[in-house]
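Side chains included, hydrogens not; waters and symmetry mates left out as well; all remaining heavy atoms used.
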Amino acid sequence: TNKEQQAKLFSRASLRSIAKNHLKTMTKSELDSDWKLDEFFETIFVVNLPQSSTRLQKMTEELHAIGTKNFEVFKAIDGRREVAPELWQKFYLNLHGIGNDTEEGKKALDELHKGQAGCYMSHYTILQNVHNAFQNALKDLKAAQKAQDSLAARQHKKTARKYSRVLILEDDGGFGILNNETQIISKKGVGRILRKALSKLPDNWDMLYFVVHATEPTYEVTKHLRKLNRSWSMLAYAVNHRMYEPLLKRLQKIEDPDITKVWPIDNEIGEIHHKHNVYAIYPSIVFTQAGKSHITDKTWDAWQGQPIYTH
């Protein structure tokens, strides 16, 4: 079957086998200084608004500090300039308690919804692009195999592998473990936690979060890996090719003129976590940098959610 062919095509280097190999062959300090993210994921996106050059610079430094040089910058969609009102007006939640009984308040809430729409459309577009690239590569591979063109087949297989799983990062993330109280960040032992989590990740995983905020109880797979039921965060997450279609099916509602109410993208995705094999690294190993949010326009402390449900 097509599924079996795909499994065979991508079984060569599962996340689990790469992680086990790192734990076997690298020292503790090497594990920390080089996370080898591009060995796990050939496609890494950093979502960035072109006007946010400082954020991109900071994120580039963060990635370099954990040995990651290969990533693509995805030009984020600016909800305040590039999203039509019929789309951003579908966002209706007031999660930040903005008083909207004044003109100023109403405007602030509109700006929040435009920001949420930009975030939604950015991630939705990446997933569409990756899914299309993956499907096209599979189609081309099939045609090349039929034509017995081994050179073309090799190239298409390489492209299919490249898009078979993807890591998506927002530009205001940092790597390490954050103490939310003291705001102190530690990178010690974090590269090892990454490999410990991934070395136990089942091969039929659908999504993997590097940081998440659980809104329902989670299942402890191992000390460093949790299975999620519902949660939110779009800061740093990986998607396996099996999950492209379910995610797009969920997210395409924004384009449906009959649907008038849409939640922020992380909440929308969180609603289908329980139906799929969605995992999170524990403790979280990415945090949100302190600074001004493009979505809420508020200035926040550095923050790190956890895949542990607390009432």
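Nearest heavy atoms, Val166 versus Phe41: C-CD2, 4.2 Å. For the pair Val286 and Gly173, the tightest heavy-atom approach, listed with the atom from each and the gap, is CG1-CA, 4.4 Å. Between Ala76 and Val47, the shortest heavy-atom contact is CB-CG1, 3.7 Å. Closest non-hydrogen pair, Gln306 versus Ser284, comes out as OE1-N, 2.8 Å. Nearest approach of Arg242 to Asn204, heavy atoms of both residues: NH2-O, 3.2 Å. Heavy-atom minimum distance, Gly97 versus Asn94: N-OD1, 3.3 Å.
Although no hydrogens or angles enter the test, the distance criterion places a donor-acceptor pair under 3.5 Å between the side chain of His113 and the main chain of Leu93. Listed for the Lys253 side chain is no donor-acceptor partner under 3.5 Å among the backbone atoms of Val262. Listed for the Arg80 side chain is a donor-acceptor partner under 3.5 Å among the backbone atoms of Glu111. Distance alone, capped at 3.5 Å, places no donor-acceptor pair between the Ser17 side chain and the Ala13 backbone. Checking side-chain atoms of Asp172 against main-chain N and O of Thr288 turns up no donor-acceptor pair under 3.5 Å. No donor-acceptor pair closer than 3.5 Å links the side chain of Arg226 to the backbone N or O of Ile308. Remark: side-chain polar atoms of Arg165 are paired, donor with acceptor, to backbone N or O of Phe40 under 3.5 angstrom. Although no hydrogens or angles enter the test, the distance criterion places no donor-acceptor pair under 3.5 Å between the side chain of Ser233 and the main chain of His213. A distance-only check finds a donor-acceptor pair linking the side chain of Asp32 to the backbone of Gly191 [under 3.5 Å]. Between the side chain of Asn48 and the backbone N or O of Ser52, at least one donor-acceptor pair lies under 3.5 Å.
A distance of 10.5 Å separates NZ of Lys227 from NE2 of His274, quoted to the nearest 0.5 Å. Of the inter-residue distances, the one linking Gln116 atom CD with Cys119 atom SG reads 8.5 Å to the nearest 0.5 angstrom. A distance of 7.5 Å separates CG of Leu201 from CG of Asp203, quoted to the nearest 0.5 Å. Remark: Leu194 CG to Ile66 CD1 distance equals 8.0 Å, nearest 0.5 Å.
A single hydrophobic cluster is seen to contain both Val73 and Leu235, as judged by linkage of ILVMFWY side chains at heavy-atom distances under 4.5 Å, directly or through other members. Residues Ile265 and Leu169 do not share a hydrophobic cluster, defined by chaining ILVMFWY side chains whose heavy atoms lie under 4.5 Å apart. Hydrophobic clustering (side-chain heavy atoms under 4.5 Å, transitive across Ile, Leu, Val, Met, Phe, Trp, Tyr) groups Met234 together with Leu247. Criterion: ILVMFWY side-chain heavy atoms under 4.5 Å apart, direct or through other members. Under it, Trp232 and Phe287 are not part of a common hydrophobic cluster. Grouping the Ile, Leu, Val, Met, Phe, Trp and Tyr side chains by contacts below 4.5 angstrom, directly or via other members, places Met59 apart from Ile126.
Taking the six-membered ring where tryptophan is involved, the planes of Tyr209 and His273 are perpendicular, since the angle between them exceeds 60° and thus also 30°. Note: His131 and Tyr244 have perpendicular aromatic rings, judged against thresholds of 30 and 60 degrees for the angle between ring planes.
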Report task. Determine, stepwise, if the pair Ile272 / Met243 fulfils side chain to side chain contact (heavy atoms under 4.5 Å, CB included). Result -> CA-CA 11 Å; Ile272 61 169; Met243 194 62 177; 4.0 Å; yes

Report task. Start with the C-alpha distance between His276 and Met207, add both sets of side-chain angles, then the distance that settles side chain to side chain contact (heavy atoms under 4.5 Å, CB included), and finish with yes or no. Result -> CA-CA 8 Å; His276 301 279; Met207 290 183 80; over 6 Å; no

Report task. Given side chain to side chain contact (heavy atoms under 4.5 Å, CB included), test Leu112 with Leu109 step by step and report yes or no. Result -> CA-CA 5 Å; Leu112 170 70; Leu109 195 56; 3.9 Å; yes

Query - Worked check of side chain to side chain contact (heavy atoms under 4.5 Å, CB included) between His123 and Glu170 - result: CA-CA 10 Å; His123 289 268; Glu170 293 195 325; 2.7 Å; yes

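For the pair Lys261 and Tyr92, the cation sits on the ring face: its NZ or CZ lies under 6.0 Å from the ring centre, inside 45° of the axis.
When each of Tyr163, Trp205, Phe134 is checked for a ring pair (Phe, Tyr, Trp, His ring centres under 6.0 Å) with His241, only Phe134 meets the rule. Tested against Leu208 for a side-chain contact (heavy atoms from CB on, under 4.5 Å), the candidates Asn240, Leu228, Leu225, Asn277 yield a single pass: Leu225. Just one of Lys157, Lys158, Gln155 meets the side-chain contact (heavy atoms from CB on, under 4.5 Å) condition when paired with Leu141; it is Lys157.
Contact annotation: the side chain of Val83 approaches that of Ile77 to within less than 4.5 Å [non-hydrogen atoms, C-beta and beyond]. Side chains of Thr218 and Tyr282 form no contact here, defined as non-hydrogen atoms less than 4.5 Å apart. By the 4.5 Å heavy-atom criterion applied to side chains, Leu251 and Tyr120 are counted as neighbours. Looking at Ser199 and Leu23, their side chains come closer than 4.5 Å, going by heavy atoms from C-beta outward. At least one side-chain heavy atom of Pro283 sits less than 4.5 Å from a side-chain heavy atom of His224. Contact of the Phe71 side chain with the Leu37 side chain is not registered, since no non-hydrogen atoms from C-beta on lie closer than 4.5 Å. Thr25 has its side chain out of reach of Glu30: every pair of non-hydrogen atoms, C-beta onward, lies at least 4.5 Å apart. Proximity of Leu248 to Gln128: side-chain heavy atoms (C-beta onward) are separated by under 4.5 Å at one or more points.
A salt bridge between Glu104 and Lys107 is absent, with no side-chain N of the basic residue lying under 4.0 Å from a carboxylate O of the acidic one. Using a 4.0 Å cut-off between charged nitrogen and carboxylate oxygen, Lys36 and Asp34 count as a salt-bridge pair. Using a cutoff of 4.0 Å between basic side-chain nitrogens and carboxylate oxygens, Lys162 and Glu72 are scored as salt-bridged.
Residues His22 and Glu39 bring a donor and an acceptor atom of their side chains to less than 3.5 Å of each other.
More than 12 heavy atoms of other residues, nucleotides or ligands sit less than 6.0 Å from atom CH2 of Trp35.
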